Amino acid sequence: MNPFLFNILLAIAWMLLVGDFTAGTFVLGMVVGYLILWFSRSAWKETKYFSKIPLVIKFVLYFLKELLIANLRVAFDIITPKDYMEPGVIAFPLDVKTDVEITLFANLVTLTPGTLSLDVSPDRKTLYVHALYVKDAVRFCDELKEGLEKRLIEVMR
Amino acid sequence: MTFLLAVIVGALYAAGTYLVLRRSIVKVIFGLIFLGHAANLMIFTVGRLTKGVPAFVPEGAEMLTEPFADPLPQALILTSIVIGFGVQAFALVLFKRAYLTLGTEDLDKMRSTDQLPEERL
Amino acid sequence: MTFIEWSVDISVIIIGLSILVIFLRLVIGPSIEDRIVSLDLLSANAIAFIAVYSIQKKTTTFLDVGIIVALLAFLGTVAFAYYLGRRGRE
Amino acid sequence: MIEILSGVFLLLGTLFILVSAIGILKMPDLYTRMSATTKASTLGIGLVLIGTTVYWQDIGIAFRAVAIIIFLFLTAPVAAHIIGRAAYFGKVPLWEKTKIDQFKERMEKADK
Amino acid sequence: MLILLAIGYCASALAPLLYKRFRENFGWIAVIFPLFMFFGFLARYPQIAAGQVIRESGPWLPSLGVNFSFLLDGLSLTFSLIITLIGAAVFLFAGAYMKAYAQTGRFYVYIGIFMTSMLGLVLSDNMLLMFVFWELTSISSFLLIGFNHHKESSRKAALQALLVTGGGGLALLSGIILLYNVTGSFEISSFYDKSEAIIAHELYPAIVVLVLVGAFTKSAQFPFHFWLPNAMEAPTPVSAYLHSATMVKAGIYLIARMNHEIGGTPLWQDTILITGAVTMLFSAMLAFKQTDLKRLLAYSTLSVLGTLVMLLGIGSKLAIKAFFIYLIAHSLYKGALFLIAGTLDHETGTRDVRKLGGLYRLMPVTTLTAVLASFSMMGVIPLIGFIGKETVYKSILEVEYWGTFLIVGAVLAHAFVVMVTLFVGFKPFWGKMPVTPRPPHEAALKMLIGPGVLAVLGLLFGLFPNFFIATMLEQSAQSILSETLSLKVSIWEGFNLVLLLSFVTLLLGAVLYLVREKVPGVLQISLPAIARPSVWYEMTIKGMLSFARMETRLVQNGYLRNYIIFFVVTTVFLVSFPLFRSAGQITMVPDFSITFYEGALAFIILVSTLLLVTSKSRLKSIVALGVLGFSIGIIFVIYGAPDLGLTTFAIETLNVVLFVLVLYKLPGFLKLSGSLNRVRDAVIALCVGCTMTLTVLFASSFELSSALKRFFAEASFPDGKGRNVVNVILVDFRAIDTLGEITVLTVAALGVFALLKLRPDRRK
Amino acid sequence: MYSMILATASRYLLLLLLMFSVFLLFRGHNEPGGGFVGGLVAAAAYALYFIANGIEAARTIVRFEPITIIAAGLCTAIASTLPSLVVGEVFMKAVWIDTGIPFVGKVGTPLLFDLGVYFLVLGITLCIIFSLAEEDRL
Amino acid sequence: MSKIIMLPILLPLCTALIMIFFRRSVALHRILNVVATASMLGVSLVILGSVLSEGILSLQVGGWEAPFGITLVADTLSAIMVVAAALIGFTTALYSLGTIDEEREHYFYYPLLQLLLMGINGAFLTGDIFNLYVWFEVMLISSFVLLVLGGRPQQLEGAIKYVTLNLLSSSVFLAASGILYGTAGTLNMADLALRIPLLDHRELLSVVAVLFMITFGVKAAIFPLFFWLPASYHTPPIAVSAIFAGLLTKVGVYAIMRFFTTIFSYDGVSFIHQVLLVLSSFTMVVGVLGAVVQYDMRKLLSFHIISQIGYMIFALAVQSPLAIAGALFYIIHNIVAKTNLFYLSGLIHRLKGSWDLREIGGIYRFYPMLGLLFLVPALGLAGIPPLSGFWAKFVVIKAGIDSEHHLLVGVALGVSMLTLFSMVKIWNEAFWKDDPRGEGGVEDEGYLRTPTMKKAATIVPIIMLGFLTVVFGLWFEPFFKLVDRAAYELLDARNYINAVIGGRS
Ligand code: NA
Ligand code: NA
């Protein structure tokens, strides 16, 4: 990501935090952001700047929907005495490549109730996921691949 | 709630005392932390409780009007918390070094500096 | 008593209940990871409590505390995990 | 009206929180507890914060609430992941009804 | 006189430098100093003899009533002359005697300090000033007794002397303070008119006892006498000077000096009389067994000291007269004999009388001196010792009730003294000459002059008593009794009971000598341990040490827990006093309104506390600690302290990080304490908890009106420019607290850094 | 115990936390926060980074020796007490300047003091954590 | 003029800061340390001078008037104590040059020393109770670190006890100041002095007073709260032991003195004086009994600290003006003599390579001047006239007799005998006795090889302090006037209150 853009983002975040949208705040935010970036610049490898805002919005909405559904499903399972669970640990073959993508994907998986990213294989090709409802490992993988991962790749590339 | 806090303070003091009387150095550390908490909470309680009204001068006002929580005990506790943090960090590392250097965590075995010369052979 | 007051009171009680329930898990364990998860969850509930409490007491100053809790609880959990990892290695 | 909306959000959120609390008590093993509950409470807190924002109708509060939500959404999964991973490597047992464990299979294969 | 003393100390300090220059001839240089003083004092003689009293005073510690007040009257002049004269003899003698020693320079420093201090003691008119000199003589005595410091016996004897005289010194100091409280002054001359007031005061008995304990220890009266024979470990000049002629007479001087002011009562007189008499007889008998020249002399010295004290106790005019003559006589002959003993030791290499004999051929001058001094000591006409003894007997015979006992005791004691004299003054010179460690020959001139002069003076004084003594005697008696004493001193008073007693004494002495020489095994008879005060001393020291060892082992036992228990129990015990005293007054109306979440919070805190206390896993404990910290943070938030909440959360989290970093190296919890211990600890802990709970309840039971709270609320924004009052307090109102606090943090960080990086196992 | 997910997340969180710490610092005079909490949160950020990426990475990113940060913080805090002396006032008397810049508003020595506290707390916590982390490696 | 009283705090802080900045340059540290302590000595003398000429100095830090802000106050007592601290700081700075190894110097030895002094000075100068707590903590943590610096097993072991017990006492301090605020609503000492007599809730104040007594009792090492001291004081380098021995416990005594005269002087706390009397006798006895059985010079001297604290506390508890003056002079005398004895034991160790009296000897034969230098503080400590300790003892004893505490006076006198006994023990064993390992010894050569400058740095402080012991003794009058003045100031708090709060009361 372009450091300058990131700086601006930080400045905006600053304004959000401060809750004050004036030029002064922005300038101060830029300064603070710059200092922070400068302070930690060696951690910051160059990455691509994303520009697909509509895709992002679409993706967010999709995710929120999934989140709600999954939540309700798990909630139902919790509230009702009977257990519908069929848990399992699945090895999910990853198509996402970069650190950020993998992290994002894994986190989104974890955020979705019923699934939990346990680990990424050292070759970064497999994500091990603990899931509550695994009727069939292959189908579970496919659903995840077609749903979340595909959309994420769309957004990120 | 003052009553409850008084009980809590007492419980923390009791637990802290009990823990510093253990033979294991790790427990003693925990005991010291407990006593720190207890003292802070004690100052807080004795400085009188005021619920939900922090000592912030509202926007547009020049000064605070009652009721508001007494800021001084808070400042004192803050100071003591931070001091306690530093001191505890040091104590923690000290105890660790002592354990690693002396090879025991049993305080009853750490008596050489007190012993009379005849006993130390 | 308005609806909001009522719902705030109810919320506080529910959150309190949840906290007790989660704390129960923390007490019974059995694994240390269970306790850590409970602790994480407890701090999350603390955020909710702070938010509701700020409505109840009509002060906004508490929300910053919420942010801190959110951030720091995470650090705590990570630290525990770090410990567990090292323990496995040693 | 606003107050009612806010109250609804609050109640909804706290309900989710309660559910997750029950979940963590009820679920059979650590992994199911984690995958079931951490996020439930994330959503619950999100809703409560939205309720708060609605109630105050203040931009500063709103953004602070948003900040908390963002932080939670950023940190909660990482926390869950890191604990789950530690637990798995630390041999915290899976529920006996767990159907498949491809992770274990792979690791055993790698060992050979 | 202050200047004189200052010169004395300076001269003493210079001794080592001069000694380095002159070495062999230093004795001649050193003698200048006491001689100069001697003649200086002698020059005052006419003045004093004429009845004048010379007084000097300058401020030292006016606020405390301590001044440089000096007084030269008959009494102090007599002592000064004795001190300087014998000092001169000893200084000269030591010039030769000390040649063999390595540290003669230091010797002269000490003995010079001693002489100066001794002079200061007898010249002081201020009690406290006198006490200062008193202690200085003890210290120099200590250093001189331990002069042969490589010998353990010397060190022990030095310590013993110091402790006994030092202990007495403390008693004396207390007595002096009491005296001050009665009279409002330390000046001895100011007591003169207050005698009646002092005696009438309720503190009078205490004063008498304390002053006398001081005097008795210094003058080695029974039962404090034992240090003196042991002090013979010192080089002989020291024994001659300090432990026979001068320092041991300091106590007697004190009694004499105070006699008018606080004496005259039955308490004073009887105590002195009995102590003196017991010492006289008891120590004389102890001399019987001695074989060492110096110890023989030491026991006879004790006996004489006892006699002198007894005479003061009799307190009649005649007794005072006897006191004086005897004092002078003893100083002269005993100084001489000690020095002769030193000569013998120096020339033959032994001090055991059994191994000495027939030396008159090789050491004629010494023999002559010895005979002269011995005759004086035995009380043979016409030496001063004869007059002394005669007067003593005479004064004792005057005593009512006790007289008979006393005279029997005195004769017996003197018989022993005669025996000692025969052993010291005659046996080494006559008879067979056994082989000695060193081939004997006549002593050097320096060693002959001192004793010679003293011995000859003994003869002169005896021949012309009135010329030398009488005037002095009157003035001195004036100081003691504050009455004029016009008694003629004469050497021959015809045949009478006293003369008969003298003969009896001599005869008895000879018999004793023969018994010891001819009856085998008589030396083996010994006193039971319990009757020996020196054994008491040993037992006290040993007992004290073993008690100290036991007590220290018991108290400083190394168990941290016990230390903490001491701390906690003391605290609870002391706090509970006012707390329970106030129990009736508490009008406590604690706020019992507890909401659901407060209850839940309290429940969580209590349970997690319990969890931590009972936890067997470290990580579980940390989790519990985390819960506890967060709960406390929430309490802070609820009660309007968001800043505290923030800080607590932050610090708790960082604590977890630290714990985690530290803890995996630490061991798991072991159950180390026994169950009994745990019950005890739990009881203690509960007491602490209850006390604190009560304190909190009590302390928060009333309205607090704090001007500070109001001020901060009002000044925070207008003056402190901040709306967060807590923060304004931290960075402005009480910023220096924060400055200290960050200093603590800095040091803690440096400490952690140093602890982890600077380790002995990592040293190069 | 390296986790790629945590490592990646920690880089973003580092920035967020640092940002938030500065926010706390600046708002502290009027809202909850201040130098202490700010410094602690900043330290927490680095602590997180250290746990996720290891001690070398954390050292690289901090760039300064923690002890230097401590010294700088202490220096700032002490420096904030000096204007009072220059002005001829009582020791540690606050001196305020109105900058006129929006939001920044009045700047005074207490804020400088708070800044010093911030760096000091940061440096101290880092010093402790780093020393501990490096202990076993040596 | 009153502005100067912040310098004893600010000066060491700035010095430490510079040292930390240039932490690699040990040479700079050494120079700075000596220069800073020397200037602190100068400053403190100026403060004492102005207190004597102008009366009590007070400074409202930050310009916030008392009791709202924090007050720094220098009355005669504080000024004297600051001078004493600066003096010991200066001598220890010199002594450290000769004795501290370079490794410790690299690991912040000198800044820690400065910060220790800062804490001590702060404690002496502050007029605010919570601020006192803060300075106590500064002092404590610095002492913790100095105690363990080097990390030897003995040090760590001693430090565990030292740290734990002192943290417990800090916790009590904290609680006590909290309750005090909760009762009186103020923390300013002058304000408290003004209010406390008017307050209800006397018993609560007594509780507070007890708690303060306990916490200061731990710092001062009175019976039965002293155990941390003999367990740890002998473990660090001798320069550290010396400055601890000289100053740390005295801060506790100072605090007791300040509290139970200026602040808590109403009759409700008279039972505390009774308690202190009883405890003081135990302190004297237990301390000296501990000392007589020791063979390690440092341990022997450490136990003596306790015993002499007993003397000071005894005098304090008697509470008459003379007694307070005596206690104060006892503190000063003890600071000088005790520090000096620690220096000397360090030198003996240098010469002979052992702390154990049984293993060494023969010093007197070869180093007579050293013998003299030892005798001065040793006999001074034992109260032999005309050295400083005699007057200290004399005044205390006199005050005790005047107030008719005859039994305690007896105890004190007995203890002084045992003090003499144990001082002579050192003298006999180390100086008089022949070296049991034969003449000379290897260690002697080690000492002979040390550079002259280092030797001088070791000896000069010993001579300085020895000189003072003699001067105190021979020229006691001005010093007595000084402590007498301080005592009267303490017993009549009006001046103090006026200086701090002014006419507003
Ligand atoms: Na804490
Ligand atoms: Na703050």
Side-chain angles (χ1 to χ4, degrees), chain C residues 8 11-12 15-16 19 22 26 29-90, chain F residues 1-55 57-58 121-122 125-126 128-130 132-137:
Chain C
V8 163
S11 299
V12 167
I15 294 172
I19 286 178
I22 298 165
L26 187 141
S31 72
I32 193 67
E33 285 82 355
D34 279 300
R35 300 182 206 275
I36 296 169
V37 170
S38 312
L39 186 61
D40 196 39
L41 207 53
L42 276 179
S43 46
N45 282 30
I47 301 169
F49 175 78
I50 289 169
V52 178
Y53 188 73
S54 76
I55 298 180
Q56 194 179 38
K57 292 295 163 193
K58 306 210 170 15
T59 355
T60 57
T61 38
F62 297 136
L63 275 177
D64 294 304
V65 185
I67 305 183
I68 283 271
V69 175
L71 289 171
L72 292 175
F74 172 66
L75 175 62
T77 312
V78 171
F80 277 120
Y82 174 81
Y83 172 82
L84 292 174
R86 297 199 72 151
R87 186 184 59 174
R89 206 184 56 189
E90 295 286 316
Chain F
M1 199 56 204
Y2 176 81
S3 158
M4 194 266 278
I5 294 173
L6 179 62
T8 313
S10 73
R11 268 189 274 156
Y12 293 87
L13 286 168
L14 172 72
L15 296 182
L16 267 174
L17 278 163
L18 284 180
M19 180 112 222
F20 184 61
S21 75
V22 177
F23 166 74
L24 283 172
L25 166 68
F26 282 125
R27 291 301 299 270
H29 215 50
N30 294 311
E31 301 278 329
F36 280 121
V37 185
L40 288 171
V41 170
Y46 284 111
L48 178 65
Y49 195 85
F50 144 66
I51 291 177
N53 298 287
I55 179 67
V121 170
L122 172 64
T125 319
L126 288 184
I128 295 173
I129 290 176
F130 286 179
L132 273 172
E134 279 169 0
E135 189 198 6
D136 349 294
R137 295 185 314 118

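Computed from a predicted structure; not experimentally measured.
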Ring pair (Phe, Tyr, Trp, His ring centres under 6.0 Å) assessment of C:Tyr83 paired with C:Phe80: CA-CA 5 Å; C:Tyr83 172 82; C:Phe80 277 120; 7.8 Å; no

Below 4.5 Å from any heavy atom of chain F, which atoms of C:Phe74 appear? Answer side chain, backbone, both or neither. side chain

Shortest non-hydrogen pair, F:Ile129 vs F:Ala47, comes out as CD1-CB, 3.8 Å

Under 4.5 Å from any heavy atom of chain C, what part of F:Leu13 do you find: side chain, backbone, both or neither? side chain

If one checks every heavy atom of F:Leu24 against chain C at 4.5 Å, the contacting part turns out to be side chain

Measuring from C:Ile36:CD1 to C:Leu41:CG, what's the distance to the nearest 0.5 Å? 13.5 Å

Which label fits C:Tyr53 and C:Phe62: parallel for a plane angle under 30°, tilted from 30 to 60°, or perpendicular past 60°? tilted

